[in-house]
Amino acid sequence: MTAGEALARAVAALAETGRRPVCVTDPDAWTSERRADLEQAAPRCQGCPLLDPCGDAGEAEDFGVWGGRIRDRRFRTEDRAAS
């Protein structure tokens with residue numbers, strides 16, 4: 001199973017409990033073109049039950065907030081953990 005598939009299964013399992021990850025409330029914040037928006041979104045991931053599978057799925061991504069980490073390869077920066 002790929003990391004993306006594992007994340008999809010984890011999201012489905014969470015939905016069965018009636019819960020949703022915080023990123024679905026304002027998905028644009030997690031994929032914004034503005035670095036400041038990403039820096040505000042990343043800490044909001046803390047405490048999410050999907051943090052690990054989301055972070056794993058984000059390893060293959062070039063941009064956005066995944067598992068509380070900013071992925072932004074436009075500027076060739078390394079991933080940063082949210083503080």
Side-chain angles (χ1 to χ4, degrees):
M1 173 181 340
T2 68
E5 291 168 337
L7 176 58
R9 285 186 182 192
V11 169
L14 185 65
E16 288 178 8
T17 69
R19 297 172 55 205
R20 299 181 318 164
V22 68
C23 57
V24 301
T25 62
D26 183 14
D28 292 340
W30 275 258
T31 59
S32 174
E33 292 288 323
R34 296 182 56 226
R35 180 79 181 194
D37 292 341
L38 299 176
E39 289 174 353
Q40 288 181 343
R44 294 173 58 198
C45 295
Q46 299 310 309
C48 179
L50 304 177
L51 199 62
D52 290 336
C54 181
D56 292 343
E59 292 294 323
E61 299 296 330
D62 290 333
F63 185 77
V65 175
W66 294 87
R69 296 179 64 98
I70 296 171
R71 311 274 307 173
D72 190 347
R73 300 212 175 134
R74 295 175 301 169
F75 302 107
R76 298 177 191 240
T77 58
E78 294 296 317
D79 299 348
R80 284 189 4 193
S83 341

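From a predicted model like this one, the values you see are computed outputs, not experimental measurements.
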Side-chain hydrophobic cluster, 4.5 Å single linkage: members besides Leu51: none
Salt bridge (Lys or Arg N to Asp or Glu O under 4.0 Å) partners of residues 6-31, not counting sequence neighbours, each pair once: none
From SG (Cys54) to CZ (Arg69), nearest 0.5 Å: 11.5 Å
Least distance between heavy atoms, Glu39 atom then Pro43 atom: O-CD, 3.1 Å
For Val22 against Arg44, the heavy-atom pair lying closest together: CG1-O, 3.4 Å
Considering all heavy atoms, the nearest Ala41-Ala29 contact: CB-O, 3.6 Å
Least distance between heavy atoms, Asp37 atom then Ser32 atom: OD2-OG, 2.6 Å
Rounded distance (nearest 0.5 Å) linking atom CG of Asp62 with atom CG of Asp72: 9.5 Å
From CA spacing to verdict: side chain to side chain contact (heavy atoms under 4.5 Å, CB included), Val65, Cys45: CA-CA 9 Å; Val65 175; Cys45 295; 3.8 Å; yes
Minimum-distance pair of heavy atoms, taken over all atoms of Pro53 and Pro49: CD-O, 4.5 Å
Shortest non-hydrogen contact from Phe63 toward Glu33: CZ-CA, 4.1 Å
Side-chain hydrophobic cluster, 4.5 Å single linkage: members besides Leu50: Leu7, Val11, Leu14, Trp66
